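Keep in mind the model is a prediction, meaning the values are calculated, not measured.
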Amino acid sequence: MTSSRVHSRTQIAVVGAGPAGLMLSHLLARAGIDSVAVDLRSRREIEETHRAGILEQDSVDLLVGTGVSDRVHRDGYRHDGIELAFGGGGHRIDFQGLVGASTRLYPQTDVFTDLADARRRDGGDVRFGVSDVSVGDLVSGAPVLRFTDADGIGHEVRADFLVGADGSRSLCRREIPEGARTQYFREYPFAWFGILVEAPPSAPELVYNHSPRGFALISQRTGSLQRMYFQCDPAEDVGDWSDDRIWHELQSRVGANGHVLREGPITSRTVLPFRSFVQEPMHHGRLVLAGDAAHTVPPTGAKGLNLALADVRVLAEELERAVARGDTAPLAAYSERALGRVWKAQHFSYWMTTMLHTLPGATPFDLRRQEGELAAVTGSTAGSAYLAEAYTGWPGGR
């Protein structure tokens, strides 16, 4: 920690320079609003952290329409549906036919790279690899962000407003007094064992596989690198799983519904625990939260990154009003607007998760009941349309 600090002023100070923080900074700059964004991680660390890869159409439009990048159209893969596999076969949910929308397979690391390049191109003030981050004076007229930059120089930045876009372990969220917020939380009794594998795609679209052995997801990444998951215990040790054991488990689960995976060298493996979390409201004083700092969802519904981008789209609009008016009323409006979508996404993610995963101690009745629910969804135009509309992000409903 340095003994003296460089003092400066900005309009918006953003803690967290992942996709949410960078997109917010980009949108603010387009509105003529200055910002400083900081992140504990180096740019390389963020780029090498593999995350979700399904973008709703609104997320794609945000990237392209605001001038971040059109690479998502060149390098991303358009998906017009998904397959629900159960009971010995597959059942496709036709997004285009049902709701006239699509999703796009485009890794979060690429979204981050596009945004980081755009901020550098536009002269944005983004500091990676900082340390000793703290925020304060949240209910004053000039909240403060303190940090030490990658060169060891201490900084104290006064701002009109602070934004916590610093992920599920948010330090900004912890600064909100217990009496000023309500937290909603659910932890699930299973996790995903995820792998990256060097192999061609095993299916043209995502396959959500229900089986007596547990859930499995056939996903894609590129033409030569694929992402796959299977349900496991949250305490599972990846070191206990050889490549042969992983492939046997995956092939057994998807084979029950007629799929055969294309195998290859496994380059990464990890266990992803499942949690649902929401904090209300998403603001306190002159601090606002966005993305995983305010809410997390199970990955089954492909909503995490899309919710974060939806948050900052709304937040940029309300911060523009807040800066112009010099008061905090628009922060409450942001919280209310964002939470409406958040709770819809929480319900959808919970529904998809409980419909497809095998609960500990599940009986044959439980498994057959799930198959009945899946048959009811796939056998009904109304049921399939609900899934398609929610999965693609409620197109037209923003």
Side-chain angles (χ1 to χ4, degrees), residues 10-53 55-56 58-72 75-76 104 106-130 133 135 145 147 149-150 155 157 159 161-172 282 287-295 304-320 323 334 338:
T10 190
Q11 291 173 292
I12 311 295
V14 184
V15 183
L22 292 182
M23 177 57 82
L24 177 63
S25 179
H26 173 71
L27 294 174
L28 292 171
R30 285 171 58 87
I33 297 173
D34 294 332
S35 67
V36 174
V38 302
D39 203 291
L40 295 170
R41 301 162 295 176
S42 69
R43 173 168 173 166
R44 182 175 179 179
E45 283 179 276
I46 304 174
E47 286 179 322
E48 292 180 350
T49 302
H50 299 292
R51 300 289 297 275
L55 295 180
E56 299 167 357
D58 276 355
S59 298
V60 174
D61 292 345
L62 185 65
L63 290 167
V64 176
T66 63
V68 172
S69 171
D70 61 0
R71 189 165 69 99
V72 63
D75 296 346
R104 193 162 287 267
Y106 191 66
Q108 181 168 321
T109 49
D110 287 357
V111 174
F112 167 78
T113 296
D114 290 346
L115 282 162
D117 286 347
R119 295 309 298 133
R120 184 169 55 190
R121 175 199 69 198
D122 297 341
D125 190 345
V126 181
R127 320 283 183 92
F128 294 107
V130 307
V133 176
V135 297
L145 164 65
F147 65 92
D149 67 23
H155 293 263
V157 182
F161 300 95
L162 288 172
V163 177
D166 49 340
S168 59
R169 294 179 175 85
S170 171
L171 69 89
C172 292
M282 292 167 60
L287 169 70
V288 285
L289 303 176
D292 286 358
H295 46 73
L305 174 58
N306 293 293
L307 273 181
L309 293 177
D311 278 356
V312 297
R313 180 195 293 116
V314 174
L315 180 55
E317 296 172 3
E318 297 295 352
L319 280 175
E320 188 174 356
V323 168
Y334 156 69

Looking at [X] and [Y], what are the two nearest heavy atoms and their distance?
X	Y	answer
V135	C172	CG1-SG, 4.2 Å
L305	P19	CD1-CB, 3.8 Å
L22	R119	O-CD, 3.8 Å
G32	Q11	O-OE1, 4.0 Å
R104	G76	NH1-O, 3.4 Å
D39	G18	OD2-N, 3.7 Å

*Go through the structure and list residues passing side-chain hydrogen bond (donor to acceptor under 3.5 Å, both in side chains) with D122, not counting sequence neighbours.*
none

_Partner residues of T10 under the side-chain hydrogen bond (donor to acceptor under 3.5 Å, both in side chains) criterion, sequence neighbours left out_ = none

Give, for atom [atom1] of [X] and atom [atom2] of [Y], the distance between the pair rounded to the nearest 0.5 Å.
X	Y	atom1	atom2	answer
Y106	L55	OH	CG	8.5 Å
E320	I12	CD	CD1	10.5 Å
D75	D110	CG	CG	7.0 Å
M282	L289	CE	CG	6.5 Å
F128	D149	CZ	CG	13.5 Å

Find out whether [X] and [Y] are in side-chain contact, i.e. whether some heavy atom of one side chain is under 4.5 Å from a heavy atom of the other.
X	Y	value
V288	F161	no
T49	T109	no
T113	R43	yes
D58	R313	yes
L27	L315	no
D117	S69	no
V163	V312	no
L309	E56	no

*So, the side chain of H295 versus the backbone of L307: is there a donor-acceptor pair under 3.5 Å, distance only?*
no

Pairing residues for [X] by the side chain to side chain contact (heavy atoms under 4.5 Å, CB included) criterion, not counting sequence neighbours:
X	answer
L40	V130, V133
A308	A20
A150	none
R44	S42, E48

*Picking from L115, L28, D114, V111, what satisfies side chain to side chain contact (heavy atoms under 4.5 Å, CB included) with M23?*
L115

*Quickly, which of V126, D166, L145 forms a side chain to side chain contact (heavy atoms under 4.5 Å, CB included) with V38? Name it, please.*
L145

_Applying ring-ring contact (aromatic ring centres under 6.0 Å, His included), can you list everything that pairs with F147, at least two apart in sequence or on another chain?_
H155

_Taking side-chain hydrogen bond (donor to acceptor under 3.5 Å, both in side chains) as the cut-off, I'd like each qualifying pair that reaches into residues 27-37, sequence neighbours left out, listed once._
S25-S35

Salt bridge (charged side-chain N to carboxylate O under 4.0 Å, His left out) with [X]: which residues, sequence neighbours excluded?
X	value
D70	R74
E318	R321, R337
R121	none
D125	R127

